[in-house]
Amino acid sequence: MATRNWWCTAIIALILSGAVPKCTAAQSTENSSSVDTIAAEIDRLIAKKWEADGNEPAGLSSDEEFIRRVFLDITGRIPPASDVRDFRDDASPDKRRRLVERLLASPTYIVHYTNLWRAAMLPEADADQQIRFFLPGFEAWLRSRLAENRNFAEIAREVLTLPVDAQDVQGFNQPETATPVAFYRAKEGKPENLAAATSRIFLGVRIECAQCHDHPFDDWKQDEFWGYAAFFAGVRPATAGMPDGPAPPPNNRSLMVPGTDRVVSARFLGGDEAEFSRTSSPRDVLADWFVSQENPFFARAAVNRIWAHHFGVGLVDPLDDFSTLNPPSHPELLDVLASAFVENGYDFKFMIRAITASRTYQLTSELTHESQDTPRSFARMPVRAMTPEQIFDSLAQAVGYRQPFNPEEALNFNNDPARQEFLETFRNEADSPTERASTILQALQLMNGEFIAGATDLTDSQTLAAVIDAPFLDTNEKVEALFLATLARGPSPVEAEKFGTYVASGGPTQDEQNALSDVFWALLNSSEFLMNH
Amino acid sequence: MLHTHTHRRDWLRLASAGVLGGSMCRWFPAFAEEAAADPKRKRACILLWMSGGPSQIDTFDPKPGHENGGEFEAIDTSVPGIQVCEHLPGVAKQMERMAIIRSMSTKEGDHTRATYLAHTGYLPQGPIRYPTLGSLFSKELGSLDADLPNFVSVAPNRFISPGAFGPGFLGPQYAPLVVGDPGVTPNPQMAEQTNLSVRNIELPEGVDFSQSDARLELLDVLETGFQESRRAMPVESHRTAYEKAVKMMRSSAVGAFKFEDEAPELRDAYGRNPFGDACLLARRLVERGVPFIEVSLNGVQGNAGIGWDTHNDNFNQVQQLCGVLDPAWSTLLEDLDGRGMLDSTLVVWMGEFGRTPGIVSDRTGRDHFPAAWSTVLCGGGIQGGQVIGASSEDGMTIVDRPVSMPDFLATLCLALGLDPQKQNMSNVGRPIRLADPEASPITEIIG
């Protein structure tokens, strides 16, 4: 029995090798007291609201549930079956935390967080081929910053203060140079676009409605918008043809409000006109303000985004809509997290450790009481749709597909046509992860598309072939191996019975191997496989 | 034990009513009784969406003789006294089927917000997620057991205003089937040929329907277990999408997406370009009972997604756009009429706003202008051959019968035989009417 288990682990490990390095000793525990404090604060403040609202919290997640979730949240893909077995068999009490450390140290963490922040900062690349051309350079830049574990304040400052000239926002430049210049290019170098984007991404404030008129239902006034935009008045906007007229002086800090004769000067959002010397760069001044004590938005917006990555819904939701009309569900918790983020040097990994260490994060997603139905109560882990990248990378993991790129290399990263096709079909601009709508085209791609057809074809498939060919595995164990490779759990008694009988009978083709392929097909098409829960 | 959420729970009912024996699994339930419950053929709607905001003066509200009139001539139409732009000669011949509204008056000059307003009748506000017109109307006009989706959207440029094109609080079963390329990624190779087919509609090679049925039954075991323990909207939506996909795969109606049986002359008349083909597809879908089709004209080759946004080079751009619009639209009306379907099909032409009457001389452009602009309604439910409202001589203001976006959408409701005051439950637990209760529809336009 022991031999057989070993065999199975080894063969699955062989064919499903993940890119995650093994590392058994706990690392980077220097913040652990603080991580514990914040995790406890999360649990205390979330529980406080349960009590007030009458929510009955769900129980703790199983090991299988936890490992799948934390793999998806930190590395953007499901765990290899071998990892699930090892984790299940590990009896040490701190194994969840050690797993988090191991994942944070893996290159797949960097790849996943690059995807997340790229989508936030450069959404234009999803639809605009010309911007997509600059993705390798932008992603290479982001990846190198994450690899160096640069803190978020540094990353934001680099974007805000990047030297740009007309060539950068307009002409052709080297797409593979690691630089965030695509950000300026995508916003066409226009102060109003840069204002709207930086405010939304880094401050969580949608001020763009105040561009043309005072904000209809919030406090922002048109002059406040243009005052904020004036920090970018020294950037030369892209024009339709060649740049015309002289470039604005780089330290330019005032703008005319279009359609009016009012000139406004650089002014902090929700604050006063900025006083600074003529020789200072306005964008440097703005970057200083972002991380200053006076800025109420920056740290809150960042932690809210990280929270939303782990729960599918922000404490403020939509996550980039901080507004008097859209208050946070847990204001005190938002403040606690923001302070902790600042105290710990704007370190993403600190926040990830604290959130994943909380019991709130470790709750099961199983609905055990009606009062858990509202995602924003966090009384169970919300069931969330994956990002398109998570879906494809998880499929690749499950079926043993080797993506034709090295995640650590800057170039050729997103160019795999199979991957592109999935990203295209599963892109969804509209819905939040807890409200994601599936489309008929997505269903058709998974049911009939070439990729799944190959993965479930007896001659083409990797995982399936390995399971079919594995000696010592009986029918039920083969079914179990397929469950572990996709759902990171074994079959329930009902499933074991139904699927076991089906495979034994050979299904309509009277062939056990075909029947295993049918099982694999069903697993890959299941909502349990396609969701993070 | 968990029995709330009565709406969007349809599949649960279907599942529990599923056939027990045999190879029929719960993915393809019998809906015969529902179909029988709806004997009268309902109306259909085709929305021709002009992404970017078309210039009213250079299309349906010409100002000949005024300096704001621009470069184009006005031409007579089949209805005496009504003139349109010279680049719409085909449409001009069918004016008796069309009603022009020259007094659209809104306040939104931003693409994102105006597109949202025009597609939902409401401004984005707070957490309420308003459904797009196609979802709203197809829910009323369609039936859940149809072989094809009730709402097909061809090449929508969703990027400009993502929330404006989705089913909102109605939920994913009212989401559109999207086909075609929105053309926001200028790629000459792709623009050469139109692909309006539904991708992956065929079973993979080597898999027949009996094996496919067996696979779906296995999937059903997994779905039932997961749905019971992890009730959530994305899980439900997954199930809905699969049900619809399976139904469509097994229906002959999917032939709508193949044009092999169309006469070459008719295809030529529509114009062999993405918009012309999309209009032909719209007719084929209406023919097969699809109640709502949105067709986007995002631009002619080379402009990225919001072709009517003619800040620069307005006249050349509009002329090119009309060169695609005019044959497709006029052929669509004739084709629908020839098949006896125009009386029951409302065709709507609109964008998100109009464009400035004044021409910005240094770039020969017209900018965003929501204060006074035009839309057109034609076909079923519409008293054609008339103009509603009027703008001033210079086009700057409305001088007669201003029409707000809610007024306009309430008018669409009436033309489709729907009660604008009908309510749907929203995601915030408050009922929302099809059209804003303040709206006053243009009753004189209803035929």
Side-chain angles (χ1 to χ4, degrees), chain A residues 126-130 132 208-209 211-212 216-217 240 325-326 365-367 370 373 382-385 425 429-431 433-445 447-450 452-453 457 492 494-495 498-499 502 507-509 514 518-519 521-523 525-528 530-531 533, chain B residues 2 4 109-110 113 123 125-127 149 158-159 162-163 165-167 171-172 175 177-178 182 184-187 198-207 210-211 213-215 218-219 221-223 225-227 229-235 237-242 244-245 248-249 304-305 312:
Chain A
D126 289 341
D128 187 332
Q129 194 65 42
Q130 294 181 354
R132 201 176 292 179
E208 59 264 35
C209 309
Q211 184 175 337
C212 313
F217 8 85
L325 283 181
N326 189 33
S365 57
E366 184 169 356
L367 185 75
E370 283 296 336
D373 215 8
V383 178
R384 321 164 242 159
T425 310
E429 307 93 342
D431 302 323
T434 55
E435 297 178 346
R436 185 68 47 84
S438 298
T439 68
I440 294 174
L441 292 178
Q442 290 165 359
L444 290 173
Q445 179 155 344
M447 287 196 290
N448 302 336
E450 208 179 331
I452 302 290
D457 183 281
S492 70
V494 174
E495 289 161 345
K498 289 197 169 158
F499 284 72
Y502 178 80
T509 56
N514 275 339
D518 295 339
V519 168
W521 181 94
L523 288 163
N525 275 275
S526 69
S527 54
E528 183 172 356
L530 295 162
M531 308 284 155
H533 45 86
Chain B
L2 306 169
T4 55
D110 165 74
R113 290 170 61 80
L123 282 169
Q125 47 186 279
R158 285 172 288 187
F159 198 69
F165 295 92
L177 171 72
V178 176
V184 289
T185 52
N187 181 339
V198 183
R199 276 194 303 155
N200 299 313
I201 193 75
E202 312 277 354
L203 284 175
E205 217 181 301
V207 176
S210 71
Q211 193 176 1
D213 286 359
R215 288 176 162 190
L218 293 175
L219 180 58
V221 173
L222 295 171
E223 288 309 303
F226 194 65
Q227 176 77 36
S229 69
R230 261 83 178 176
R231 186 175 77 202
M233 214 177 120
V235 182
S237 168
H238 174 270
R239 179 145 200 147
T240 310
Y242 272 68
K244 286 187 180 176
M248 192 159 81
M249 278 168 63
N312 299 293

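Throughout, protein chains are lettered first and strands after them, A, B, ... in sequence-line order, and every chain is numbered starting at 1.
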Q: Tell me, for B/E205 versus chain A, whether the close heavy atoms (under 4.5 Å) come from the side chain, the backbone, both or neither.
A: neither
Q: Give, as side chain, backbone, both or neither, the part of A/L530 having an atom under 4.5 angstrom from any heavy atom of chain B.
A: side chain
Q: Would you find a donor on one side and an acceptor on the other, under 3.5 Å apart, between the side chain of B/E223 and the backbone of A/S527?
A: yes
Q: Please confirm whether the backbone N or O of B/N200 pairs with a side-chain atom of A/N448, one donor and one acceptor, at under 3.5 Å?
A: yes
Q: Under a 4.5 Å heavy-atom cut-off, does chain B meet the side chain of A/S365, its backbone, both or neither?
A: both
Q: When rounded to the nearest 0.5 angstrom, what distance separates CD1 in B/I201 from CE in B/M249?
A: 6.5 Å
Q: Highest number of heavy-atom pairs under 4.5 Å with chain B: which of A/A385, A/S492, A/A453, A/G449?
A: A/G449
Q: Please look at A/T439 and chain B and tell me whether the side chain, the backbone, both or neither of the residue comes under 4.5 angstrom of a heavy atom of that chain.
A: backbone
Q: At a heavy-atom separation under 4.5 Å, does B/L177 approach chain A through its side chain, its backbone, both, or neither?
A: side chain
Q: State plainly whether the residues B/R231 and A/E370 are in salt-bridge range, i.e. N to O under 4.0 Å.
A: yes
Q: Any donor-acceptor pair under 3.5 Å linking the side chain of A/T425 with the backbone of A/Q442?
A: no
